Amino acid sequence: MAGGSDVAEAALSCALCGKPAHLQCPKCVDLKLPREDAAFCTQECFKASWSSHKSVHLKAKLSTLGTAETLGDGWLYCLKKGQGRTSKLPHFDWTGTLRPYPISSMRTVPSHIDQPDWAIDGIPKIEPNSDLQHVVEIKSPEQIERMRETCRIAREVLDAAARVVRPGVTTDEIDRVVHEATISAGAYPSPLNYHFFPKSCCVSVNEIICHGIPDARKLEDGDIVNIDISVYYKGVHGDLNETFFVGNVDETSKQLVQCTYECLEKAISIVKPGVRFREIGEVINRHSSMSGFSVVKSYCGHGIGELFHCAPNIPHYGRNKAVGVMKAGQTFTIEPMINAGVCRDRMWPDGWTAVTADGKRSAQFEHTLLVTESGVEVLTARLPSSPDVFPWLKP
């Protein structure tokens, strides 16, 4: 809360109780909103009214920054899983404070870059009907070496994106950095036009669980943001993601993100030949439950290689019915999505963005893994040059 001048505030009344007000909502001051609706007599009145008062900030931002008209040509809201656009904010029973913003036009890829079969028309041809949707492939040494190269590129692209995360940066700007870094490495951003997804990466803020579409919204102090990178290089895909803090984040969000990181690490620690795929979910569920968080059930890890998504299916929740055991030469992702509240999810009108049903925050981490004869190799592991952004990893 910020104090104001005694003269100006003498005529103001508390927005909650009507008593003379001497304090103002600092966010309203930043947004230059009318002082009459932003005045409070005490911190207690401000806190008591916060759940309803904060909607004023959202409406103000949408009216000034979030309309297609104010952003210029080419910026429109996404609909129909990427196949539709509109200049107006879609109607929806939003679960939290976040709203979609208009997105920019789809970025282009130079012709010399090797492209997957959906790059032109948005429709994967080989993947849906492949036998590898039912049989877990054992990669050859040559395939594994290509996977290592591709996953190294994916890691470097994510690190480039992490370096630009800060308040005031739009998620579209993050997508631009990802796109350019991927192209510079000679790779294709796998999500681009995959089933018509309109961007080169997924950026999921706060209550978005996964598949957030980069748009014109600026990151704000206190946000958490997941950046999900997938690249296609030398005929194979690499996939990873991490959740980052934007400025100063509240304690619950810090605990959520660290717990999610630990869930992934604990799951990776059991990977070796002979372990059942279903055990991964048991490990993740146990650790998240101990912290009072819940595990998303609608989205799973997956096999990966020459296909973007294939067998095995890797659920992250307990008592799942995943079939099969791990064998040396298999490659797959583990990517737990952990919610601060309920595990249920809703889908935004764009057809891609999955959000928590109660509007509370969600975090995710992901690695692409190779099962070895003696255990596991994390193909997308952090590098010595990776940004030092996670407090729990510091010595």
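Since the structure is predicted, the reported quantities are computational estimates derived from the model, not experimental observations. The chain is numbered in sequence order, starting from 1.
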Is the number of heavy atoms from other residues, nucleotides or ligands under 6.0 Å of K394 NZ greater than 12? yes
So, the side chain of S294 versus the backbone of C343: is there a donor-acceptor pair under 3.5 Å, distance only? yes
Go through K139 and E137 one step at a time and tell me if the salt bridge (Lys or Arg N to Asp or Glu O under 4.0 Å) criterion holds. CA-CA 6 Å; K139 302 291 192 298; E137 181 181 33; 3.3 Å; yes
Do Y194 and E127 meet the criterion of a side-chain donor-acceptor pair at a distance under 3.5 Å? yes
Under 3.5 Å, is there a donor-acceptor pair between the side chain of T95 and the main chain of D358? no
Face-on cation placement of K81 at F196 ring, 6.0 Å and 45° thresholds: no
Are E262 and K266 within salt-bridge range, i.e. N to O under 4.0 Å? no
Donor-acceptor check, side chain of D117 to backbone of K125, threshold 3.5 angstrom: yes or no? yes
Is the CZ atom of R152 crowded by more than 12 outside heavy atoms at less than 6.0 Å? no
Just say parallel, tilted or perpendicular for the rings of W118 and H237, cut-offs at 30° and 60°. parallel
So that I can tick it off, tell me whether R286 and E282 are bridged by a salt bridge, with the cut-off set at under 4.0 angstrom between side-chain N and carboxylate O. no
Ion pair E180/R107, N-O distance below 4.0 Å: no
Using a cut-off of 6.0 Å, state whether more than 12 heavy atoms not belonging to N248 lie near its atom CG. no
For P315 against C300, the heavy-atom pair lying closest together: CA-SG, 3.7 Å
Quick test of your reading of the model: are D223 and R217 salt-bridged, counting only N-O distances below 4.0 Å? yes
Please check this pair: side chain of T150 against backbone of R146, looking for a donor-acceptor N/O pair closer than 3.5 Å. yes
Mind telling me whether F390 and W392 have parallel, tilted or perpendicular rings, with 30° and 60° as the class edges? parallel
Between D345 and S298, is any side-chain donor less than 3.5 angstrom from a side-chain acceptor? yes
Between E149 and K234, does at least one N-O distance fall below 4.0 Å, as a salt bridge requires? yes
Taking the side chain from D215 and the backbone from P102, do they hold a donor-acceptor pair closer than 3.5 Å? no
Any side-chain heavy-atom pair from V295 and I284 closer than 4.5 angstrom? yes
Quick check against the 3.5 Å criterion: does S289 have a side-chain atom that pairs as donor or acceptor with the backbone of N285? yes
Shortest non-hydrogen pair, S362 vs N339, comes out as OG-OD1, 2.7 Å
Under 3.5 Å, side chain of S130 to main-chain N/O of L132, donor-acceptor pair present? yes
Distance-only donor-acceptor check, side chains H53 and D37, under 3.5 Å: no
Taking the six-membered ring for Trp, are F40 and H22 closer than 6.0 Å centroid to centroid? no
Is it true that the side chains of N226 and S204 contain a donor and an acceptor less than 3.5 Å apart? no
Counting distance only, does the side-chain N/O of S200 pair as donor-acceptor with the main-chain N or O of L192 below 3.5 Å? no
Would you check, one step at a time, whether the test ring pair (Phe, Tyr, Trp, His ring centres under 6.0 Å) holds for H211 with F197? CA-CA 9 Å; H211 303 155; F197 188 82; 7.3 Å; no
Between the main-chain N or O of L383 and the side-chain N or O of S386, is there a donor-acceptor pair closer than 3.5 Å? yes
Lys/Arg N to Asp/Glu carboxylate O, R155 vs E242, below 4.0 Å: yes
